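Worksheet: the structure to be examined is printed underneath.
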Amino acid sequence: MPNHILAKHISAYVGKEVTLKGWVYNIRKSGKIWFLIFRDGTEFIQCVVLKDQVPDGVFELKSTLTQESSLAVSGIVQEAPRQEAGYEILVNNIEIYHISEEYPIALKEHGVEFLLDKRHLWLRSRGPYAILKIRAELEQACRDFFNERDFTLVDSPMFTPNAAEGSTTLFETQYFDRKAYLTQSGQLYSEAAIMAHNRTYCFGPCFRAEKSKTRRHLTEFWMIEPEMAFYDIHDDMDLAEEFVEYLVQRALNKCRRELQILERDISKLESVKRPFPRITYDEALKILHKKGLELSWGEDLGAPHESAISEDFDRPVMIWRWPAASKAFYMKRDPEDERYVLGVDMIAPEGHGEIIGGSQREEDIKVLLERIEKEQLPKEDFEWFLDLRRFGSVPHSGFGLGLERTVGWICGTHHIRECIPWPRTMVRLKP
Ligand code: ATP
Ligand code: MG
């Protein structure tokens, strides 16, 4: 066992001597006392250095220590209710590992492009630190939610022979002597997996060559996709809202400190309780019309439309029953009106946009074949998928939740690129 503790466990050591190992976040000096704001990747702690309590050499470190120097700090833990962390350290000794060169990210405002170029260092700053901690907790929550509910994790492949979500955003790659595509969604494979496991989910990166520079699109993002046999669209929506409520609750229960660092308005998250409002696409058009945002029937909602609709609700809203033309070939036609499909989008509050896309799937091979022909999709590539409708076809449904969009909403982050450790967009492939 190492002889140091992690800063996050400091509350268990009040009145005792501990050693912490980490980095200098900041230094404040005033005469016979100086303060080291220390971070070790689990908490930010103020360490108090008093001239008459430490050897001279240690006190003089105030003029040699630089931001991001690495060190071991030993001292007594004290309660400090006025400190964010609630505790501080009265320092006895400091040992240096490395004196950092002048750190490019000073503790002041920098342009976001500069920070993204320095992402390998920016990860250490408070905001990115808190967001990625929350992301990690939510990833775990995604797995827990489905594992606790009889779902089996069945991973889907990253290399695929064809498109799942429209050919305009496909990334093509050389695959020996032919072409392959990076996966846009694991759904089609999950539809096969549920015939073996009943309820499944896949969770991994998806790739879409998004040519638009919005604050909601990455070219590489993570999606969790549950798929359920014998679920109709209403069961699908019930599960989606239960899942999203669970994720928000997890953040509220486990990530208070990180949400505090991000200055997130917690009350906005506390109101995220089931049931979520459900409106049809046609009702959404009416709301938009009242707000003076015209959209012709059949068109997909854009970001301004999604924001306008979310304004009316204090929790996510589900828009379902979409015009068939605006949605993918695999969505089930509404038996009551063929012009519609049983698809659903969930829109996050506060203008964070769509976080979930889902649907009941078409289980009738005849209808599916018609749609494949109409959309001029290569039928040979879908033969295996059509087999699922030949051998014990069942009604089934599923959805995909975008991890970064969800993290962005829960954290209150303006741009989705801050919600993934190494963002990839049309204009960014480095570092
Ligand atoms: P949008 O209309 O916003 O591009 P979409 O309809 O293409 O979304 P789906 O195909 O339904 O999205 O994908 C399911 C979910 O995956 C979305 O609700 C969203 O949360 C996420 N998602 C889709 N594309 C991206 C992207 N380029 N970057 C980040 N997340 C995405
Ligand atoms: Mg899209």
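Atoms within each ligand, like the ligands themselves, are counted from 1 in listed order. Here the structure is a predicted model, which means the values were calculated and not measured. Residues: numbered from 1 along the sequence shown.
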Atoms of ligand 1 under 4.0 Å from any heavy atom of Ile356, numbered from 1 in the order shown, are 18 (O)
Enumerate the atoms of ligand 1 whose separation from the nearest heavy atom of Ile416 is less than 4.0 angstrom. 29 (C)
Taking the six-membered ring for Trp and the full ring for Phe, Tyr or His, determine whether the centres of Phe44 and Tyr129 are under 6.0 Å apart. yes
Given Glu220, Glu354, Met223, Arg417, which has its nearest heavy atom closest to atom 8 (O) of ligand 1? Glu354
Establish, yes or no, whether a centroid distance under 6.0 Å links the rings of Tyr189 and Trp384. yes
Give the numbers and elements of all ligand 1 atoms closer than 4.0 Å to a heavy atom of Glu210. 24 (N), 26 (C), 27 (N)
Verify the neighbour count for atom CD of Glu380: are there more than 12 heavy atoms of other residues, nucleotides or ligands below 6.0 Å? yes
Which ligand 1 atoms are under 4.0 Å away from a heavy-atom of Gly400? 14 (C), 15 (C)
Determine the sole option in Asp345, Asp236, Val244, Thr406 for which the side chain to side chain contact (heavy atoms under 4.5 Å, CB included) test with Ile356 is passed. Val244
Assess the pair Phe146 and Phe243: is the distance between their ring centroids shorter than 6.0 Å? yes
Quick one: which of Trp222, Phe221, Trp409 has a heavy atom closest to atom 24 (N) of ligand 1? Phe221
Below 4.0 angstrom from a heavy atom of Ile355, which ligand 1 atoms are there? Numbered from 1 as shown, please. 18 (O), 20 (O)
Looking at ligand 1, is there an atom of it that comes within less than 4.0 Å of some heavy atom belonging to Glu404? no
Grab the two heavy atoms, one from Arg215 and one from Gly351, that are nearest each other, plus how far apart they are. NH2-O, 3.9 Å
May I ask you to say whether Lys21 pairs ionically with Glu95, meaning some side-chain N is under 4.0 Å from a carboxylate O? no
Shortest heavy-atom approach to atom 3 (O) of ligand 1 - which of Arg216, Arg405, Arg208: Arg405
